[in-house]
Every structure is written in structure tokens, then in C-alpha cells.
Protein chains: 2
Amino acid sequence: MDTDWLSEDEEQAWRAFRRLLVALPARIGRDLARDSGLSAADYEVLSTLSEKPDRRWPLKELAAKMEWSRSRLSHHAARMQGRGLIDKEPDPQDARGCLLHLTDDGFAVLEQAAPHHVVSVRSRFLEHVSADELAMLRRLSTRIADLPD
Amino acid sequence: MDTDWLSEDEEQAWRAFRRLLVALPARIGRDLARDSGLSAADYEVLSTLSEKPDRRWPLKELAAKMEWSRSRLSHHAARMQGRGLIDKEPDPQDARGCLLHLTDDGFAVLEQAAPHHVVSVRSRFLEHVSADELAMLRRLSTRIADLPD
DNA sequence: TACATTTCGTTGACATGTCATCAAGACCTC
DNA sequence: GAGGTCTTGATGACATGTCAACGAAATGTA
């Protein structure tokens, strides 16, 4: 195999895939902003927080779960706090840390947003992918995302 | 089918795919910055400009080709001009417009960057995808990216 | 205990993208 | 060719992300 360049097939596939990499998140993000006033990042924070019964996560752990830097989450959480979607509380286990807490308002916004978001993911993506393709895509995505950084 | 939520399979596949959507461009972008001091956006501009024999494109057309806004390309081109990678020239066909021109320096940077970038795309992506998977991914990507916005 | 090291979240400087707006020029219609 | 309208690229305000540096608190080690 020529390792110095891409074959025609590889080139075309890589081009097509890059288009998808850009277009799909952009479309779903626009839907989310239009339907619920949330960015994709907002939605990810809210939905991850809502997974815990008490709606609280240490910032460090939430950042790790979402694969965000602590800096990014700190900045983003400050903005979301300003909008009343989340709270910050001192961490009783570690005086350096803080807990991010999904407020009732934030939970209500998430509950309103979720069904629209599902419709968006379906209509922009899932509806156009067969079960076989989806299974393949999942295996492939996991395989590649799990490679070392 | 329940249109109100995602099945377990759909949920898992969507999660895995979203991880890929974030991780793959980030890794390839980091490789590019490390090997050549270019961002993915820089590389896209340089390589698209290099496709024309005279290395010139009207800004409007380049933006359309890359599916960028004119504003984004204008900002980005100004920064790349500051680094000497490209020039701006008046468009002889349209006094409102301008031509973006790949400089010799820009071309040299692209020539240096390209083989490293190919290695990166191979090692982070293509090597881990079979020919069948790649063909399926290409069809799927084209199908979805071609949907209306 | 004392001291060095590590970890936590915050902060500020900066890079990059979006959006609305603008002046200049092209285009259209009469 | 005159006047209104659209298009082009630039610009400024703003949102969001990265990176390096920091103070405070936890942890490890003598």
C-alpha cells in the first residue's frame, strides 16, 4: 500500500466523512438552539447532571465523564449558573472542589428540550441509517475513539 | 417504533458516534498543529487553494466550496495573510470581490504538511477501518450530509 | 509535625467562530 | 442612464474554547 498518499477510494470516503463530521453536529446544534435555547454543550451538561439521583456531580468528575478540561467546564458552568440552569455548591468531601447541581429550572429546561432533541437526532441521522449500518457505525466508532490519544 | 425516545441500541450507537465526532478531529488537529503549525482550518484553506492551477480563488467561491460563511473566511484569511500563507488580490472580474492567492511560502508549508497529515489520517482512522466499512461509511456520510439543512 | 508535591477550580490572555451591519460595487428594470 | 435592490467582503460585538499561571487545599514524606 502507498503510505504516502490516499487512494481515490480513501480520499473520497475521507472527504465525505469530514463533511458529515461538520454538518451533522451543526444541524443538530441549530435545532437545539431554536427549540430550546440551549447549545449542544449546555445540553450535554444538563443531561449528564440529570443522570445522578441527587443531580450533583463534583466538577472534576463531570469534566472527566464528558471528556472536557476542568477549565472548559469551569467557564461553561459559570455561564450556565448565570442563566440559572445550574448551581455551584462547596464539596463536603474536599474543600478545594465544588459540586455542580442541576437546578429545578435547569431540569425543567432539559425536560422540555429532550423530546425535541430526540426528534432532531432521529430526523437528521437515525432515520437515514439502517440497523446494520448503525451496528457497524457503533463498532467502528468505539474502536477508533478508544485508540490512545 | 417509539418516536419519543431512543432504543438502547440507538442510544449506545449515538453515544459512541458522538465520541468519535469529537475525538477524531481533535486528534488529527493536534497532529497537524504539532507537525506543521497549522490548524485544520488553515490546512483546508491551503489545500483547497492549491487545487487551482493558478492557486487563486474568489473568496466567495472558496467559501462556498468549503461550506464556510464569507465572514468566517474573511476573518481567517486575514489571519493567514498576516502569517504570509496567502495573499489578497483585487478581482479583475468584480471590483467588490477579492481573490485569495496561495503564496509560495504557503505552498511550501502545505507541501511540508501534507505527508505528515496523511500519516495522521491513516494512523488515527483509515488503518482501523476495513474496505467494506469504509465504503459503507462513505455512502452513509454522503446520504446524511446531502440532506437539506 | 513540617515541608514539598500534587490536585482542584478559577482566572486572564488569546484564538476562533457567529451574527448583524455596513460601504462599495454590480445588476435590473424602467 | 437613473434609481432601487442585491451581492461582496470587512468589521465589531459577542460566545466559546485553549493554554498557562495561580491560590488554596489535600496528600506524601521526612
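Numbered from 1 within each chain, the chains take letters A, B, ... in sequence-line order.
Salt bridge absent: B:K65 and B:E61 never bring a charged side-chain N and a carboxylate O closer than 4.0 Å.
One atom, CG of A:D91, and another, C1' of C:dG9, lie 11 Å apart when rounded to the nearest Å. The distance between atom CG of B:L99 and atom P of D:dT8, rounded to the nearest whole Å, is 14 Å. A:L59 has its CG atom 12 Å from the P atom of C:dT11, to the nearest Å.
Every pair passing ring-ring contact (aromatic ring centres under 6.0 Å, His included) that includes a residue from residues 81-118 of chain A is listed here, sequence neighbours excluded: A:Y43-A:H117. Applying the ring-ring contact (aromatic ring centres under 6.0 Å, His included) rule to pairs touching residues 76-98 of chain A yields A:W68-A:H76, sequence neighbours excluded. Residue pairs meeting the salt bridge (Lys or Arg N to Asp or Glu O under 4.0 Å) criterion with at least one partner in residues 104-117 of chain A, sequence neighbours excluded, are A:R55-A:D104.
Within a heavy-atom distance below 4.0 Å of DNA chain C, no residue of residues 14-27 of chain A is found.
Side-chain contact between B:K88 and B:L59 is absent, with no heavy-atom pair separated by less than 4.5 Å.
Shown here for A:L73 and A:A63, the closest heavy-atom pair between the two residues is CD2-N, 3.5 Å.
Among residues two or more places apart in sequence or in another chain, the salt bridge (Lys or Arg N to Asp or Glu O under 4.0 Å) test is passed with B:R18 by none.
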What is the per-nucleotide protein-contact pattern of nucleotides 16-26 of chain C, from the 5' end, where B denotes a base atom under 4.0 Å from a protein heavy atom, S denotes such proximity for sugar-phosphate atoms only, and - denotes neither?
SSBBB---BBS
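Phosphate proximity of D:dA10 to B:K88: present, with a side-chain N or O under 4.0 Å from OP1 or OP2.
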